[in-house]
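These numbers were taken from a predicted model, which means no experiment stands behind them.
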Amino acid sequence: MRQAGIYSGILCGKNGPHSLPLSRIKKIMKQSGEEVKMISCEAPLVFAKACELFIEELTARAYKVTMQGKRRTLQREDIAAAVTATDLFDFLLEMVSASVINDGRTTTEST
């Protein structure tokens, strides 16, 4: 059995092993382009850790918005506000604004 090498140490910190399915990450990586044919076993591990860090960072920023609103439950609007307020997440702006627009239409149509 092939081992993950130096990258396995990245994922075994305080939080234990990775929690995202490596097979799904590998499948997404292969779907990114026809020229991607082979992927080493270490690459999905690095992507898994990057995804975990991304989720943690976005959640932390969104939760600050939640607390400012004197609430305890993280909502979609909090994530949208965190994305809008942070330049780092500019690549998500289209998705967030489309989601907010869709929510507005649904609310208007149901009344």
Side-chain angles (χ1 to χ4, degrees):
M1 187 159 139
R2 193 169 172 194
Q3 294 193 5
I6 61 169
Y7 295 109
S8 62
I10 293 173
L11 300 171
C12 296
K14 294 182 230 174
N15 301 331
H18 58 83
S19 57
L20 298 173
L22 297 178
S23 60
R24 179 70 179 129
I25 292 171
K26 194 169 186 176
K27 184 176 180 180
I28 293 169
M29 291 172 70
K30 285 186 176 184
Q31 291 173 347
S32 67
E34 291 181 16
E35 57 275 352
V36 179
K37 301 216 185 289
M38 295 181 66
I39 298 170
S40 72
C41 64
E42 291 93 1
L45 291 171
V46 174
F47 273 101
K49 185 61 180 177
C51 290
E52 288 175 17
L53 293 172
F54 170 75
I55 292 167
E56 287 175 10
E57 182 66 24
L58 184 54
T59 302
R61 291 177 188 252
Y63 194 68
K64 286 180 185 176
V65 174
T66 303
M67 296 303 291
Q68 289 171 353
K70 298 182 181 176
R71 292 178 283 108
R72 297 181 68 189
T73 303
L74 188 78
Q75 298 174 353
R76 182 188 309 189
E77 296 80 24
D78 302 326
I79 298 168
V83 166
T84 305
T86 309
D87 292 342
L88 182 65
F89 301 130
D90 279 352
F91 68 98
L92 295 173
L93 283 174
E94 281 184 34
M95 181 179 17
V96 168
S97 54
S99 138
V100 170
I101 290 170
N102 288 339
D103 279 351
R105 288 182 188 157
T106 304
T107 306
T108 309
E109 291 172 1
S110 63
T111 55

Q: Answer with yes or no whether the hydrophobic clustering places I28 together with I25; edges join I, L, V, M, F, W, Y residues whose side-chain heavy atoms lie under 4.5 Å apart.
A: no
Q. Got a donor-acceptor contact below 3.5 angstrom from the K37 side chain to the E34 backbone?
A. yes
(Q) Can you confirm whether or not the ring centre of F47 sits under 6.0 Å from the ring centre of F54? (A) no
Q: Work out which heavy atom in S19 is nearest to a heavy atom in E52; give both atom names and the distance.
A: N-OE2, 3.1 Å
Q. T86 side chain to V83 main-chain N or O, any donor-acceptor pair under 3.5 Å?
A. no
Q) Taking side chain as C-beta onward, heavy atoms only, is M67 less than 4.5 Å from R71? A) no
Q: I would like to know whether L45 and L22 meet side chain to side chain contact (heavy atoms under 4.5 Å, CB included); could you show each step before the answer?
A: CA-CA 7 Å; L45 291 171; L22 297 178; 3.5 Å; yes
(Q) If you compare all heavy atoms of K30 against all heavy atoms of I39, which two are closest, and at what distance to 0.1 Å? (A) CG-CD1, 3.6 Å
Q: Please report the shortest heavy-atom distance between A48 and L20, naming the atom on each side.
A: O-CD1, 3.6 Å
Q. What about I79 and L88, same hydrophobic cluster or not, with Ile/Leu/Val/Met/Phe/Trp/Tyr joined at side-chain heavy-atom distances under 4.5 Å?
A. yes
Q) Salt bridge check: are R61 and D78 linked by an N-O gap of less than 4.0 Å? A) no
Q | Rounded distance (nearest 0.5 Å) linking atom CG of L74 with atom CG of L58 | A | 8.5 Å
Q: Identify the heavy atoms of V65 and A82 that sit nearest to each other, and give their distance.
A: CG2-N, 4.3 Å
Q. Linking I/L/V/M/F/W/Y whenever their side-chain heavy atoms sit closer than 4.5 Å, directly or via other members, would I55 and F91 fall into one cluster?
A. yes
Q: Report yes if some heavy atom in the side chain of L92 is under 4.5 Å from a heavy atom in the side chain of M95; otherwise report no.
A: yes
Q) Can you tell me how far the OG atom of S40 sits from the NZ atom of K26, to the nearest 0.5 Å? A) 8.0 Å
